[in-house]
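Values below: all heavy atoms of this structure, side chains included; hydrogens, waters and symmetry mates excluded. Chain letters run A, B, ... following the sequence lines, proteins first and then strands; every chain starts at 1.
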Amino acid sequence: QVQLQESGPGLVKPSETLSLTCNVSGVSISRYYWTWIRQAPGKGLEFIGYIASTGRTTYDPSLESRVTISADTSKSQFSLRLTSVTSVDTAIYYCGRMTNSKGVDFWGQGTVVSVSS
Amino acid sequence: DIQMTQSPSTLSASVGDRVTITCQASQSVSVWLAWYHQKPGKAPKLLIYQASTLESGVPVRFSGSGSGTEFTLTISSLQPDDFGTYYCQQYNSYTFGQGTKLEI
């Protein structure tokens, strides 16, 4: 059974870097695309980006200058870095498995990140 | 960037009703569209992909149709478990619609 679990700090100071990790079990991350999606309080879903099995990354244009997604196949995990955070980056961050035929078919439970001094 | 617009934003319906939610893309996405259901405090769940294919385990009362720029999600007979928010997502550039909140 495919399972994803986000981990990382729940509180980040303004101007600092948000770092999250998604641990994947039940499937090799050498296959599929692996994505990060976020949801601000009371708002809809926002695509952040993904990393393909080839290592190629794609980011939403609005976040591209601040985002890095990377993967460590030896640890079966992939990560999100978002630099220069502000209060608008406060959100629930979800990791997910994505395919180019189905969209996001497996999701982590989400982790809350607040940006505050 | 492809914009996705859902309507309505909020929908009130009763158990047993037939419910339809629409999603419009600002340019053609062919059939590369998925629908998700999210309950409060939970991660979204994939319902339909490639516009009309039901994800494994999803009840057959859910169906999807459309191609190009116009898409529809239909629930044939609403059940109490169907409350929550529904999102469409195109997976050309992966943007989501703003969501439709379904109140039972």
* Hphob cluster co-occupancy, A/Ile51 + A/Leu4, side-chain heavy atoms under 4.5 angstrom -> yes

### Message
Let me check something: do B/Val19 and B/Val58 share a hydrophobic cluster, defined by ILVMFWY side-chain heavy atoms less than 4.5 Å apart, either directly or through other members?
### Response
yes

Q) With the 4.5 Å side-chain cut-off for hydrophobic clustering, are A/Val112 and A/Val88 part of the same group? A) no

Review point. Just by distance, do the side chain of B/Tyr49 and the backbone of A/Asp105 share a donor-acceptor pair under 3.5 Å?
Key: no

Rounded to the nearest 0.5 angstrom, the OH-OH distance for A/Tyr50 and B/Tyr94 is 3.5 Å

The interface call for A/Phe106 against chain B, heavy-atom contacts under 4.5 Å, is neither

The interface call for A/Tyr33 against chain B, heavy-atom contacts under 4.5 Å, is side chain

Residue B/Arg61 excluded, over 12 heavy atoms near CZ under 6.0 Å: yes

Applying a strict 4.5 Å limit to non-hydrogen atoms, the region of B/Thr85 in contact with chain A is neither

When the 4.5 angstrom heavy-atom criterion is applied to B/Ala43 and chain A, the contacting part is both

When the 4.5 angstrom heavy-atom criterion is applied to B/Gln38 and chain A, the contacting part is side chain

Cut-off 4.5 Å, heavy atoms of chain B, and the answer for A/Ile92 is neither

Distance col, row A/Trp107:CH2 vs B/Lys42:NZ, nearest 0.5 angstrom, shows 15.0 Å

Nearest heavy-atom approach of B/Tyr36 to A/Lys102 is OH-O, 4.4 Å

If one checks every heavy atom of B/Gln50 against chain A at 4.5 Å, the contacting part turns out to be both

Rounded to the nearest 0.5 Å, the CG atom of A/Leu45 sits from the OG1 atom of B/Thr95 at a distance of 11.5 Å

Scored by heavy-atom pairs under 4.5 Å with chain B, the best of A/Gly96, A/Gly49, A/Ser101 is A/Ser101

Q) Side chains of A/Gln39 and B/Phe96: does their closest heavy-atom pair fall under 4.5 Å? A) no

Bottom line for B/Pro44: the part with an atom under 4.5 Å from chain A's heavy atoms is both

Ranked by heavy-atom pairs below 4.5 Å to chain B, first place among A/Asn100, A/Thr58, A/Thr35 goes to A/Asn100

- [ ] Indicate, with yes or no, if B/Ile21 and B/Leu78 share a hydrophobic cluster defined by side-chain heavy-atom contacts under 4.5 Å among Ile, Leu, Val, Met, Phe, Trp and Tyr.
- [x] yes

*Mind checking whether B/Ile2 and B/Leu33 sit in one hydrophobic cluster, side chains of I, L, V, M, F, W, Y counted as touching below 4.5 Å?*
yes

